[in-house]
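Values below: every heavy atom of this structure, side chains too, minus hydrogens, waters and symmetry copies. Owing to the predicted nature of the structure, the values given are computational and were not obtained by experimental measurement. So that the names make sense, note that chain A is the first sequence line, chain B the second, and so on, each numbered from 1.
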There are 2 protein chains.
Amino acid sequence: MESSDLRNAGLKVTLPRLKILEMLENSEARHLSAEDIYRRLIDLNEDVGLATVYRVLTQFESAGLVQRHNFEGGHAVFELDRGPHHDHMVRLDTGEVIEFFSEEIEKLQQTIAAKHGFIVEEHSLVLYVRPKPKAAHS
Amino acid sequence: MESSDLRNAGLKVTLPRLKILEMLENSEARHLSAEDIYRRLIDLNEDVGLATVYRVLTQFESAGLVQRHNFEGGHAVFELDRGPHHDHMVRLDTGEVIEFFSEEIEKLQQTIAAKHGFIVEEHSLVLYVRPKPKAAHS
DNA sequence: TTTTCTGCAAAGGGTTTGCATCGGT
DNA sequence: ACCGATGCAAACCCTTTGCAGAAAA
């Protein structure tokens with residue numbers, strides 16, 4: 001099923017690659033760092049190297065299977081590219097990543113770029129958020 | 001004139017700090033990496049260490065004198081905090097950084113976060129752009 | 001003089017790469 | 001069997017830190 005994706009990308013269907021794809025598909029968290037994936041595979045007694053995880057993720061990115069995001073905090077996170085574009089909110093208290101999409105913001109970005117004579121090739125929008133305090137009892 | 005800013009931040013007025021501030025104020029490019037600043041000071045025969053540049057920039061950031069941005073490309077860039085918030089466009093062909101501000105986008109961000117029960121503490125919006133091709137002669 | 005700051009070099013964290021071996025096809 | 005993929009360790013890049021000497025206050 002996904003083996004075909006790998007083959008289409010010109011990549012041999014190897015155990016590490018399948019395991020990493022599987023991890024990205026089945027993990028509760030949709031956004032994982034290389035280290036996250038590595039740790040989880042090790043915990044499952046899969047014998048992979050961290051270098052391989054990085055290499056494979058980079059290949060997946062080139063193949064369009066995966067997207068890489070550089071949120072704050074030094075390490076990149078990867079998510080399966082399931083198609084529809086979206087941006088991200090990161091909870092500052094838990095680190096949880098929430099996806100959102102705003103047609104209006106997308107349009108405004110293009111409009112603004114156009115006003116400066118540019119077209120938007122890529123963009124990165126991340127909101128760092130905290131839970132809204134409960135409204136004080138009125 | 002700026003010495004006071006340093007003193008207010010509880011920082012001694014030293015040569016490296018003044019030079020770095022000056023560099024950020026007078027450089028054509030308003031967005032510089034630590035390495036950029038270091039190189040330029042060395043070229044001006046100022047005897048600073050790269051570590052000092054990093055330390056000073058970090059202190060300036062804490063003091064609110066400077067903002068740090070993590071665009072793509074591995075290294076952070078710093079700009080003088082001249083007050084009004086703005087976001088950035090990065091030209092993919094030249095690396096040039098262009099500032100912009102959109103009240104509408106700011107509002108939409110807050111509205112969206114609120115809809116999820118959050119308040120926006122920080123945000124990062126970067127458009128990676130290319131010059132708009134000349135309209136084909138019609 | 002006291003305290004903070006500096007430069008240097010070494011350490012650090014995330015990521016990439018060289019190389020011999022291993023594994024798909 | 002062939003060629004690409006893997007694991008390990010070393011290398012890398014940017015950034016931070018420890019420490020003894022230097023410079024503000």
(message) Judged by each residue's nearest nucleotide on DNA chain D, which is more toward the 5′ side, B:V13 or B:G74?
(response)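 Counting from the 5' end, the first nearest nucleotide belongs to B:G74.
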
(message) Taking the nucleotide of DNA chain D with the nearest heavy atom to each, does A:V48 or B:E35 sit closer to the 5' end?
(response)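 Comparing both residues, the 5'-ward one is A:V48.
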
(message) Determine whether a donor-acceptor pair (N or O, by modelled atom type, separation under 3.5 Å) exists between the side chain of A:R91 and the backbone of A:V97.
(response)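 No; judged by distance alone, with no hydrogens or angles, the pair does not exist.
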
Specify the separation, in whole Å, of atom [atom1] of [X] and atom [atom2] of [N].
X     : N      : atom1 : atom2 : answer
A:L6  : D:dT6  : CG    : P     : 10 Å
A:K19 : D:dA5  : NZ    : P     : 19 Å
A:L57 : D:dA5  : CG    : P     : 15 Å
A:N70 : D:dC13 : CG    : P     : 18 Å
A:L15 : C:dT25 : CG    : P     : 11 Å
A:I37 : D:dG7  : CD1   : P     : 14 Å
B:D47 : C:dT6  : CG    : P     : 12 Å
A:E72 : C:dG14 : CD    : C1'   : 15 Å

(message) More than 12 heavy atoms of other residues, nucleotides or ligands under 6.0 Å from CZ of A:R82: yes or no?
(response)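 Yes.
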
(message) Distance criterion of 3.5 Å, no angle test: do you see the side chain of A:R7 paired donor-to-acceptor with the base of D:dG4?
(response)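 No pair found.
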
(request) For A:G73 and for A:L11, locate the closest nucleotide of DNA chain C by heavy-atom distance; then report the residue assigned to the nucleotide nearer the 5' terminus. (result)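 First, find each residue's nearest nucleotide; the 5'-ward one identifies A:G73.
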
Choose from [options] the nucleotide whose nearest atom is closest to any side-chain atom of [X].
X     : options                : answer
B:R55 : C:dG18, D:dT17, D:dT16 : D:dT17
B:A51 : D:dT16, C:dT16, C:dG14 : D:dT16
A:L50 : C:dC19, C:dT15, C:dG24 : C:dT15
B:K12 : D:dA24, D:dC14, D:dT6  : D:dA24

Whether [X] contacts [N] is assessed here as follows: a side-chain N or O lying under 4.0 Å from the phosphate OP1 or OP2. Is that the case?
X     : N      : result
A:Y54 : C:dT15 : yes
B:R17 : C:dT4  : no
B:T14 : C:dT6  : yes

(request) May I ask you to say what B:A76 touches in the nucleic acid, namely base, sugar-phosphate or nothing, with a heavy-atom cut-off under 4.0 Å? (result)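 Sugar-phosphate, no base atom in range.
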
(message) Side chains of A:R17 and A:T52 only: does a donor on one sit below 3.5 Å from an acceptor on the other?
(response)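 No pair is found: no donor N or O on one side chain lies under 3.5 Å from an acceptor on the other.
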
(message) Hydrogens and angles aside, do B:H31 and B:D36 bring a side-chain donor and acceptor to less than 3.5 Å of each other?
(response)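 Distance-only check fails for B:H31 and B:D36.
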
(request) Verify side-chain hydrogen bond (donor to acceptor under 3.5 Å, both in side chains) between A:H75 and A:N70, making sure each step is shown before the conclusion. (result) CA-CA 7 Å; A:H75 59 292; A:N70 293 298; over 6 Å; no

